[in-house]
> 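I'd like to ask some things about the structure below.
Computed from heavy atoms alone, side chains included, the values below leave out hydrogens, waters and symmetry copies. Every number for a ligand or one of its atoms is a count from 1 in the order of the listing.
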Amino acid sequence: MHRIQIIDSHTGGEPTRVVIAGGPDLGDGPLSGRVERFRTGFDAYRSGIVNEPRGSDVVVGALCVEPHEPGCIAGVIFFNNVGYLGMCGHGAIGLMVTLVHLGRVGPGEHRLDTPVGVVVATVHGDGSVSVANVPSHRKVKGVVFDVPGVGRVAGDVAWGGNWFFLTELPGEELEVGNVERLTDRSWRIRQAVNAQGFPEVDHVELFGPARSPGGHSRNFVLCPGKAYDRSPCGTGTSAKLACLAADGKLGEDVDWVQEGILGTAFTGRFRWLDRAAGIVAPRVTGTAHVIAEATLLLDEGDPFCWGIRAVTSES
Ligand code: PYC
């Protein structure tokens with residue numbers, strides 16, 4: 001019987017399952033190498049931890065490991081129903097709130113080692129958390145293509161710790177009652193943009209007008225395993241900030257309030273790292289709540305010990 005100790009939280013509605021003990025031993029070295037060891041040698045753990053019957057398509061796992069980079073309080077590898085994430089903004093906020101809950105950290109700045117670089121999380125006195133994310137940039141502006149069942153789509157490809165295609169679909173209501181339609185449209189867009197020569201894009205982000213008085217924009221984000229992000233997506237907000245910066249639509253250190261599909265919000269802002277190259281340092285602030293402490297039991301005699309593998313049309 002394997003026992004895996006977890007703490008669950010949600011950040012703006014999007015769950016994070018932090019693995020505190022009992023996860024796979026990935027050895028040491030850079031996190032980019034350890035995520036590959038996770039993928040090739042221990043992928044059953046990923047599925048067992050986040051997939052049904054213990055989890056669901058929407059759960060994002062966060063395996064806490066010893067950091068490699070100096071000065072980091074922890075290393076973290078984020079994973080979901082179908083694979084691994086470079087970074088995860090809502091997950092980093094959830095991890096910090098979990099570490100506060102455990103009494104391991106208090107208010108102040110804390111460095112986290114991830115497979116795509118070091119991020120700096122600041123725990124504020126009011127419990128909110130800011131994440132200074134990895135350098136982000138827009139790769140291509142204004143990619144235009146036809147999407148079967150959707151029509152002509154134009155948008156940007158950008159990196160915010162994961163790869164995104166960002167677009168607006170005029171007339172599309174970004175509300176939770178429409179998630180089936182939004183999921184279908186976003187999935188078609190993802191397949192089409194991948195076929196356009198951007199196979200790296202695994203998240204699709206649709207934008208529309210904000211609904212709240214202080215908001216600047218609302219989004220719907222489709223994740224790689226076809227689950228939609230219940231939060232405004234931290235890495236997606238970082239990619240958005242890179243696009244806004246490149247277009248001169250947002251100034252340095254100016255707040256951008258990004259609503260997600262449930263109406264919860266992250267506040268983003270950026271600093272230029274290299275203006276000529278379009279590279280920004282994004283910072284995303286949000287709140288999370290711890291909702292469960294548990295021990296997962298993995299019994300090899302159980303036919304679904306290692307989870308029910310998520311099936312998408314690509315897997
Ligand atoms: O907040 O960066 C994020 C994220 C990525 C996938 C789900 N949430």
> So is His203 polar-close to ligand 1, meaning N/O to N/O under 3.5 Å?
no
> Compute the shortest N/O to N/O distance between Met87 and ligand 1 and return yes if it is under 3.5 Å, no if not.
no
> Please say whether Cys88 places an N or O atom under 3.5 Å from an N or O atom belonging to ligand 1.
no
> How does Asp229 reach ligand 1, if at all, at less than 4.0 Å between non-hydrogen atoms: by side chain, backbone, both, or neither?
side chain
> For ligand 1, which atoms sit closer than 4.0 Å to a heavy atom of Gly234?
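In order of numbering, the contacting atoms are 1 (O), 2 (O), 3 (C).
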> May I ask you to list the atoms of ligand 1 that are less than 4.0 angstrom from any heavy atom of Thr235?
2 (O), 3 (C), 5 (C)
> Quick one about Ser217 and Gln258 (side-chain donor to acceptor, distance below 3.5 Å, no hydrogens or angles considered), yes or no?
yes
> Could you tell me whether Arg271 and Asp253 have a side-chain N and a carboxylate O separated by less than 4.0 Å?
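Salt bridge present between Arg271 and Asp253.
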> Verify the ring-centre separation between Phe165 and Phe145: is it less than 6.0 angstrom?
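Between Phe165 and Phe145, which both carry aromatic rings, the centre distance is below 6.0 Å.
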> Is the gap between the ring centers of Trp256 and Phe270 under 6.0 Å?
no
> Below 3.5 Å, N or O to N or O, backbone or side chain included: is there any such pair between Asn162 and ligand 1?
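No, since none of the N or O atoms of Asn162 sits under 3.5 Å from an N or O of ligand 1.
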> Taking only Lys NZ, Arg NE, NH1 and NH2, and the carboxylate oxygens of Asp or Glu, determine whether Arg138 and Asp247 approach each other closer than 4.0 Å.
yes
> Could an N or O of ligand 1 be found under 3.5 Å from any N or O of His90, whether backbone or side chain?
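N/O-N/O distance under 3.5 Å: yes.
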> Quick one: are the ring centres of Phe38 and Tyr84 less than 6.0 Å apart?
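Here the rings of Tyr84 and Phe38 have centres that are less than 6.0 Å from each other.
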